[in-house]
Amino acid sequence: MIPKSIREALEDQFNIDITLENSVSGGSINQAHKLETNQGTFFLKWNQSAPDNFFEAEAKGLELLKSADSGPRIPSVIAWQKPVAETPGFLLLEFIHEGAGNSSDSFHFGEKLATLHSTRSEKFGLTYDNYIGSLPQQNKPYDDWNTFFVEKRINPQLKMAIDSGKLSQGILANWKRLIHRLDDLLPPAKPCLVHGDLWGGNYLFDENGNAVLIDPAVYYGHPEMDLAFSKMFGGFSNSFYDGYESVNPLPKNFSERVPVYNMYPLLVHVNLFSGHYTSQFEQFIRTF
Ligand code: ADP
């Protein structure tokens, strides 16, 4: 059930009257519902305990992605609200009617992601911080990718994991050795707009076979970050990668760089879930 306070906020502030609500499963953090209303069909998500600016950051991320020319489809943001007194923070989006994508749709998805990545900025990062899943993501801008990756992606997550006892201090020696090799391991890139949390659960195909990106953790980053992330849990077909490379061919040996980029989502999973993610991370970092 949608909390009464959200129902009232939608009515009072946005003139949206709900006529039917159905819960939607699949989210990892928030509660979600499909709404039929006097203004159309919408997707509502809310969270009783999300930080104040959580849905604002998601709404801004979706809008930034949507402003990119010819990228994948992005649901329109209809409304969002910070938590106020009894009312939880919420985000109301255009509802995407899901379809089944085929291999040609996956190819187009790859092409569109590559086009999204052609949206550039002067610096790596973003003018505001946001979240990756439920964890804070710092985006203070830097001129070069490797420094940004070290300072704003890996170090904060490593500190969180070590402070909470999930990882031992000892791995810092391995991390320092890896840092010294980063310039050799990762090819240079211009700051590109990335989705930032591109695992298989964060896209869907609409009823026309267009891929739709949801739940972003946007920033201007190395374009290979999105592609590496997409490999972490699978869910992307070969056609997707073929489509991507038809627009933006990757420098050779990408597969060898994947575990380096994926230290970031892996550390996020260490901090959120520990378990086998911790041993997976330790195993990788100890090779340095
Ligand atoms: P969470 O923030 O909790 O991870 P998601 O944003 O991933 O939640 O949404 C949960 C599920 O709801 C998704 O897996 C997807 O199937 C569905 N979904 C997300 N956004 C929309 C939308 N705009 N329209 C229709 N379904 C959506």
Side-chain angles (χ1 to χ4, degrees), residues 1-3 6 10 14 16 18-37 39-68 71-83 88-101 105-106 109 112-113 116 129-137 194-219 226 229-230 232-236 265 268-269 271-273 277:
M1 279 280 285
I2 299 173
I6 295 185
L10 289 174
F14 304 99
I16 294 172
I18 301 167
T19 51
L20 193 67
E21 60 175 79
N22 285 108
S23 74
V24 176
S25 59
S28 43
I29 300 170
N30 306 295
Q31 286 185 269
H33 269 57
K34 177 184 181 184
L35 307 184
E36 300 296 345
T37 79
Q39 295 195 32
T41 308
F42 299 128
F43 177 82
L44 174 75
K45 57 197 225 179
W46 74 92
N47 190 322
Q48 202 71 47
S49 50
D52 265 18
N53 64 346
F54 186 82
F55 289 116
E56 177 183 11
E58 182 166 342
K60 282 161 86 173
L62 288 167
E63 278 163 354
L64 182 57
L65 291 175
K66 203 174 180 68
S67 69
R73 184 178 173 194
I74 309 293
S76 300
V77 174
I78 311 295
W80 56 269
Q81 192 175 281
K82 291 183 179 188
F90 66 82
L91 176 63
L92 188 71
L93 301 175
E94 168 189 12
F95 188 86
I96 305 297
H97 295 273
E98 207 171 341
D105 297 327
S106 288
F109 177 22
K112 293 214 165 224
L113 185 73
L116 174 74
D129 291 344
N130 50 17
Y131 295 86
I132 172 122
S134 57
L135 297 183
Q137 174 168 272
V194 297
H195 174 278
D197 192 358
L198 194 60
W199 69 287
N202 277 347
Y203 79 91
L204 37 104
F205 287 108
D206 68 16
E207 73 275 41
N208 298 319
N210 300 304
V212 186
L213 296 179
I214 56 172
D215 230 358
V218 291
Y219 59 100
D226 269 349
F229 214 142
S230 75
M232 191 148 148
F233 301 113
F236 295 79
V268 169
H269 281 75
N271 281 313
L272 288 174
F273 309 112
Y277 297 115

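Positions are given from 1, in the same order as the sequence printed here. Numbering of ligands and ligand atoms starts at 1, following listing order.
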Asker: Applying ring-ring contact (aromatic ring centres under 6.0 Å, His included), run through His195 and Tyr219 and close with a yes or a no.
Answerer: CA-CA 7 Å; His195 174 278; Tyr219 59 100; over 10 Å; no
Asker: Taking 4.0 angstrom as the limit, do Glu21 and Lys34 come out as a salt bridge?
Answerer: no
Asker: Between His269 and Phe233, does the ring centroid distance fall short of 6.0 Å?
Answerer: yes
Asker: Salt bridge or not between Lys45 and Asp215? Use side-chain N to carboxylate O under 4.0 Å.
Answerer: yes
Asker: Find out whether Asp206 and Arg73 are in side-chain contact, i.e. whether some heavy atom of one side chain is under 4.5 Å from a heavy atom of the other.
Answerer: yes
Asker: Kindly print each ligand 1 N/O atom paired with any protein N/O atom under 3.5 angstrom away, one pair per line, or none if nothing qualifies.
Answerer:
| from | atom 1 | to | atom 2 | distance (Å) |
| --- | --- | --- | --- | --- |
| ligand 1 | 2 (O) | Asn30 | ND2 | 2.8 |
| ligand 1 | 2 (O) | Lys45 | NZ | 2.8 |
| ligand 1 | 2 (O) | Asp215 | OD1 | 3.4 |
| ligand 1 | 2 (O) | Asp215 | OD2 | 3.3 |
| ligand 1 | 3 (O) | Ser28 | N | 3.2 |
| ligand 1 | 3 (O) | Ile29 | N | 3.0 |
| ligand 1 | 3 (O) | Asn30 | N | 2.8 |
| ligand 1 | 4 (O) | Ser28 | N | 3.1 |
| ligand 1 | 4 (O) | Ser28 | OG | 3.3 |
| ligand 1 | 4 (O) | Asp215 | OD2 | 3.0 |
| ligand 1 | 6 (O) | Lys45 | NZ | 2.5 |
| ligand 1 | 7 (O) | Asp215 | OD2 | 3.1 |
| ligand 1 | 23 (N) | Glu94 | O | 3.0 |
| ligand 1 | 24 (N) | Ile96 | N | 2.8 |

Asker: Measuring from atom OG1 of Thr19 to atom CD of Gln39, what distance do you get when rounded to the nearest 0.5 angstrom?
Answerer: 11.5 Å
